[in-house]
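Below, chains carry the letters A, B, ... as their sequence lines are ordered, and counting in each starts from 1.
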Amino acid sequence: MVEICGIKFKNPIIIASGPGGNGKELSKHIDLNELGGFTAKTVTPYEKEGNPPPRIVNVKSGILNSIGLQNPGIDKFILNDLPFLETLDTNIILSIGGDTKEDYLSLIEKLNNSNAVFFELNLSCPNVGKNGIPLGIDEKSIFDLVKEVKKISKKPIFVKFGVETFLENLISAAVNGGADGITLINSPKGMKIDINKKIPILKRGFGGFSGPSIKPIALATIFIIRRKFKDLPIIGMGGVFDYKDAIEFIMAGANLVGIGSGVMSDPEIPIKIINDLNDYLKNEKYENILSCAVEGYYV
Amino acid sequence: MVEICGIKFKNPIIIASGPGGNGKELSKHIDLNELGGFTAKTVTPYEKEGNPPPRIVNVKSGILNSIGLQNPGIDKFILNDLPFLETLDTNIILSIGGDTKEDYLSLIEKLNNSNAVFFELNLSCPNVGKNGIPLGIDEKSIFDLVKEVKKISKKPIFVKFGVETFLENLISAAVNGGADGITLINSPKGMKIDINKKIPILKRGFGGFSGPSIKPIALATIFIIRRKFKDLPIIGMGGVFDYKDAIEFIMAGANLVGIGSGVMSDPEIPIKIINDLNDYLKNEKYENILSCAVEGYYV
Amino acid sequence: MNAIVKEIETTDNYILLTIETEEILNIEPGQFVMLKPKYFDFPKPFSVIYQEDKIIKFLIAIVGEMTAELKKLKINDELDIRGAYGIPFIKKIDKNKKYILLGGDCGSAPLIHFSNKYPDLIKEKIYGFVTPEIQKILNIEGLHIDSIEGMNLLEKAEKLEISEDTAILICGSLNLIKHTKNKFKNKKLYASLEARMGCGIGICKGCPIKTNDGIKMICKDGPIFDLSEVQLEW
Amino acid sequence: MNAIVKEIETTDNYILLTIETEEILNIEPGQFVMLKPKYFDFPKPFSVIYQEDKIIKFLIAIVGEMTAELKKLKINDELDIRGAYGIPFIKKIDKNKKYILLGGDCGSAPLIHFSNKYPDLIKEKIYGFVTPEIQKILNIEGLHIDSIEGMNLLEKAEKLEISEDTAILICGSLNLIKHTKNKFKNKKLYASLEARMGCGIGICKGCPIKTNDGIKMICKDGPIFDLSEVQLEW
Ligand SMILES: Cc1cc2nc3c(=O)[nH]c(=O)nc-3n(C[C@H](O)[C@H](O)[C@H](O)COP(=O)(O)OP(=O)(O)OC[C@H]3O[C@@H](n4cnc5c(N)ncnc54)[C@H](O)[C@@H]3O)c2cc1C
Ligand SMILES: Cc1cc2nc3c(=O)[nH]c(=O)nc-3n(C[C@H](O)[C@H](O)[C@H](O)COP(=O)(O)OP(=O)(O)OC[C@H]3O[C@@H](n4cnc5c(N)ncnc54)[C@H](O)[C@@H]3O)c2cc1C
Ligand SMILES: Cc1cc2nc3c(=O)[nH]c(=O)nc-3n(C[C@H](O)[C@H](O)[C@H](O)COP(=O)(O)O)c2cc1C
Ligand SMILES: Cc1cc2nc3c(=O)[nH]c(=O)nc-3n(C[C@H](O)[C@H](O)[C@H](O)COP(=O)(O)O)c2cc1C
Ligand code: FES
Ligand code: FES
C-alpha cells in the first residue's frame, strides 16, 4: 500500500527500533506479519550489557528510558535474532550503531546479505563520536559516514536523528552523502528527580524521553523538514498511540509511521492502529492524507 | 529567602514571561505581592498585534501557543503597564525582545530607570535575527549583543534560551559577553494537525509547546547546564504545576522557578506552590535542596 | 474549585451535566466557567445553562477530546471548575430592547440561562439543533429542530422580522453570526463569541478578536460583543 | 483489556482492590499484570492476591503517583489490564520443599495468592507490615505487625529455623532480600524481585537483573529467581 525506495509496505505502520525488541517476545502477543515493517533494536559491533537499573521512569504521558543500547552484539544477533526476523512476512529494517565509521562499515558488511529492506543508522547513541561531538550532530561526520556506507551497502540507507537546532543542515549532509531517507525523531533528553532521595532517578541523570508527551515536538520536526525536503522518504515516530496519531504523522510528512513506546504500553497497539487505519482509508485515499506540509498549507 | 545577583527574593517562585500578562488582570485573582517575582510579557520597540487566531491548542498535558508576542510596544507599556508593576511589592523582571541589537539597546535605555530588578533578553522571538539565524542560536550575535547591552544596563542581564543542540556554547557566549544569569527553557516547537480538515490547527503550522509535558526536557536541560556552570544564576521553568515540580527544578539547578502555563491552567497555582513550598522548607533548609547537579550526584 | 457530578444525561452527541460546586459560584447569564476533569492539566470554557446555589448545569456538545471524556463522567466524579468569567449579557446589551435569542446548537446554553433570568427582555427564542436527538435531554420552549421544521437555522434567521425595539442576541457558529450580520445590516445585533482559550481571564492573550478599539480578548472583554464593533475575519 | 472496579477498601497507605475483567485472565501465583487507570498512558506492574473467574484482587501500597490515583477509584470505574505475565512460582521452585513465605509489606500479595493455592507446600507464613493499619482491610493468618510483635521483619527473619526440607520464598524490599540471603547463605532461597517496568513482556529491556547466565529481564525471566543465580547489586 505504501512504496518507498522501491520497497512495498503492506501498510505504513512499523515497529520503531528498541521498544519492540527483536521480535521473538513480541510475536507471542501479536502477529508480526500484519505489520508494515519491523525495525530491530540497534545492534552494535560488540555486546553491550546496557545501563544499570532503574532503566524506566514514568513521567506525565511519557517514559524516560536509560536502556543503554543493551544488545547481544552483531555476531550473536546474526546467530540468534536475525533468523527469526527473516522468517517474518513483513519488511525488516536493521538499525545499527557504533562509535566510528569503521564500526558502521563492518556492521553493514555482516548484514548486507540478510533479507532486510533498509539499514537505519542510529547516530544518536550517547557514546558515539569524535571529540565529544556525536556523529549525529556533526555535518562533516554525517556526510563522510553516509558516503562510505553507501559505497558498500546493498540496501537503502536511512539515518535516524533527534531534534537538533540545525537539523536541516544535518539532514542535507546525510542526503548529500547519499542517504535514501531519514527517521525522525529519536527521543529527546528528559529527566526526573526523586525529591525525597534528592537524586535523579536515572543513574546517568537523564534518559531518552518518549511517548505521547513528545508527539507535538515530533510532528513539528517532521513538518518543518518535510517542507524543505519534498521528496525525501521519512519514517516518522514519537508518541504514536492510536490511528489518529498515525494520520497526523502522515499528514505532517511521514511516509512510514513507527511505534515505539506505544508497543510497550500495550503490545496490541500496532495491530489496533493498522485495523483502524484500514477503516479510515476505506473512505480516504492514502494520497489524500499526504500531506499538510507538502501541500503547502500555511507554509 | 533567595538571593541572586544581590537581589533578595521572598521566595523562589516567579511568574514567567507571557502567560501571566502584565499583572493587572492576574492581580484580580491572586495577590501578586506574595510572589518572589513577576516577569512582564516580552515588550518590543513597537506594538505587535500578534498572530491570527487560533492561538491556543490543547495537546496531551500541554498547550501549543501562537500568541506572536502581542504587546503594546515599549512606549504604551511604559505608560500603561509599568506603573502598575512598579507599585507591586515583588521583584519585577522586564523581558525585552527585538529584531536587532539596536532594538535591545533602545529598550534598555527606556527601561533603565524603572524599579525592575533584572532585564531578561528574550532571544527566542521567531522573527529576530540576521541571515535567518535567530540571535538566540548564534554565538557571535549573542556575545556582541550581551556585551553592548551590559555597557548601558543598570540592571543584571538574564538571557532566555530554548533547548538547543550546542546550548552550552551559546550560554558561554552570553556569559563571556557579561550575562549575569540565564533563563531556561523557552517553549520548544510543537504541532497539532486537524485530521478532519487536513491542516495544522495553528496557521503558522507550529507553535510554542509548554506545560507538564515539557517538564522532563526542561529539567534535563537545566541539569546539564548547571553541571557546566556551577555558579551561574538560572531561572528554571517548563511545566511547573505544583511544589514538587518546583523542588525538582531547584534540585536540577534552578535558583528561581518560573510558572508559565501553570498560571493559565489555574491562576492560583503560584500561590499554592509558595504555600506548599513554605511548609516543605520548614523541614528542609533551602540549601539542602540545592542541588543534584552541583552536588555531583551521578555526574 | 472542586465540584462533583450530581446528574448526567447523555445522547450520542450531547451531555446535560449537573454538578455541585464546593462553594457558590454566582454566574450571570452569558458568563462562562473554565472546567476540566481532574486528570486534565488545562481547563476549557463552557457556558452555563442554569445556576442556583451550588448547582450548575451545562449543555455540552461532544466534539473532541475533552468533551468525549466529559461524556464518560459518572455521578460523584470530581471536576475542577473556576469562574465565573466574562461580562454578563445584561451589562453590555441595550436594556430598552426586546431580544430574539438565536442559539446554534449548544450555543443555546447561555441564551437559555438568559431567558430564564430575564424573561421580560425576551421577544422570541430560537434554539436550533439539527436533529431531534436533543429532545431526549432538553425539553424547553423554543427548540428549533431543522429536520422537523424543514429548514435550518440560517433559513429560519433569514425570515425573522425585526421591529425598531427588537435586537438579536446570537450564540452559535461563526457562520450563523456572519450570515445574520449580513442579513440585518442596520439592526442591533449582539453575539457571544467563542475561541480556544488558555486562561479564560485575560492574561495569556490567547483569544483575540479585532475590534474598532484594537485587539480585545474574548474571555475578558466578551464573550458578548456588539457586532458593529468587531471584525469577524482576521 | 477492560476491567471495572467491583470493590475498593482503603486505609491511609493501602488499597484492597477488587476488579472484574472483561474476559477471564488466568493468573498463577507469582504472576503479575500490567494495570492502569484509563487516563494513564503507561501501565505499571502489580501482583495478584486472588483470582477466580473474572474477579481479581490486588493489595496495593500507596507510594507514588499512580498508586495515589488508584486509591481514588470508585465502584464501576474502568481500568486497563493486561497479563498474566512472568513465570509462576510453582514452575521455578523446588516442589520437594516446604516454604516459609516472607512477605514485606505489599510484597505479601503474591505469597498470599500462593499459599491459598498451594497450602500443602507451605510451612510458615509471615506477612510483615509496620503498623496494624493493614488489619482494617486484610484479615488473614500470618500477619506480622512490627509494632505489635515488637520486632521488625528483618529481626523476625533472623530468628527463623530452617531445616533441610525447608526453603524461603521472599517478596519484599531489596533490603529484606539481601538481609535474608546473607543470614541463610547455604539455604534454598527464592525471591520475587521488583523493578520499574516498561512493557512487562520482555521486549523493552527495561527491567534487568544480573544473573550467572548473563542479564535477564525480571518481567519475562522472573519475577521469581533462585537467589543463588542472581547478583542483587549492579
Ligand atoms: C465562552 C465559551 C463558552 C462555551 N460554552 C459552551 C457550551 O456551553 N457548550 C458547549 O458544548 N461548548 C461550549 N463552548 C465550546 C467548548 O469550549 C468547546 O467545544 C470545547 O472546548 C471543545 O473541547 P474538546 O477537547 O472536546 O474539542 P477539541 O478536540 O479541542 O476540538 C474539537 C472541535 O471543537 C472546536 N473547538 C475547540 N475549542 C473550541 C472553543 N473553545 N470554542 C469553540 N469551538 C472549539 C475545534 O475547532 C474542533 O473542531 C464554549 C466556548 C467558549 C469560548
Ligand atoms: C512484578 C511486580 C509486582 C508488583 N506487585 C505489587 C503489588 O502487588 N502491590 C503493590 O503495592 N506494589 C506492587 N509492585 C510495585 C508497584 O509496581 C509500584 O509500587 C508502583 O509501580 C508504584 O507506582 P507509583 O506511580 O505509585 O509510584 P512512583 O511514583 O513511580 O514511585 C514511588 C516509589 O515507588 C518505587 N517504585 C516505583 N516503581 C516501582 C516498581 N515497579 N517496583 C517497585 N518499586 C517501585 C520507587 O522507587 C519510588 O520510591 C510490584 C512490582 C513488580 C515489578
Ligand atoms: C525503551 C526504548 C528503547 C529504545 N531503543 C532504541 C534503539 O535501540 N535504537 C533507536 O534508534 N531508538 C531507540 N529508541 C527510540 C525509539 O525508537 C523512538 O525513536 C522514540 O522512542 C520515539 O518514539 P515513541 O514515542 O513512539 O517511543 C528507544 C526508545 C525506548 C522507549
Ligand atoms: C501563552 C504563552 C505566552 C508566552 N509568551 C512569552 C513571552 O512573551 N516571552 C517569553 O520569553 N516567553 C513566553 N512564553 C514562554 C514561557 O515564558 C515559558 O518559557 C514556557 O511557556 C515554558 O514554561 P511553562 O511550561 O511553565 O509554560 C510564553 C508561553 C506561553 C504559554
Ligand atoms: S484565554 Fe487567555 S486571554 Fe483569553
Ligand atoms: S519491562 Fe520491558 S523488558 Fe521487562
Peer 1: Could you have a look at B:G162, B:S61, B:G190 and say which one has the most heavy-atom pairs with chain A under 4.5 angstrom?
Peer 2: B:G190
Peer 1: Is any side-chain N of the basic residue among A:K198 and B:E284 closer than 4.0 Å to the acidic one's carboxylate O?
Peer 2: yes
Peer 1: Tell me, for A:I224 versus chain B, whether the close heavy atoms (under 4.5 Å) come from the side chain, the backbone, both or neither.
Peer 2: side chain
Peer 1: Check this for me, if you would: do A:D276 and A:K272 make a salt bridge, where the nitrogen-to-carboxylate-oxygen distance has to be below 4.0 angstrom?
Peer 2: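 Salt bridge: no.
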Peer 1: By a 4.5 Å heavy-atom criterion (distance strictly below it), what part of A:L64 contacts chain B: side chain, backbone, both, or neither?
Peer 2: side chain
Peer 1: Would you say the side-chain atoms of B:Q70 pair up with the backbone N or O of B:K48, donor to acceptor, closer than 3.5 Å?
Peer 2: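 Pair absent, no side-chain N/O of B:Q70 close to backbone of B:K48.
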Peer 1: Chain A heavy atoms under 4.5 Å from B:F249: which part of the residue, side chain, backbone, both or neither?
Peer 2: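 No part of B:F249 comes within 4.5 Å of chain A.
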Peer 1: Would you call A:D245 and A:K215 a salt bridge, using N to O less than 4.0 angstrom?
Peer 2: yes
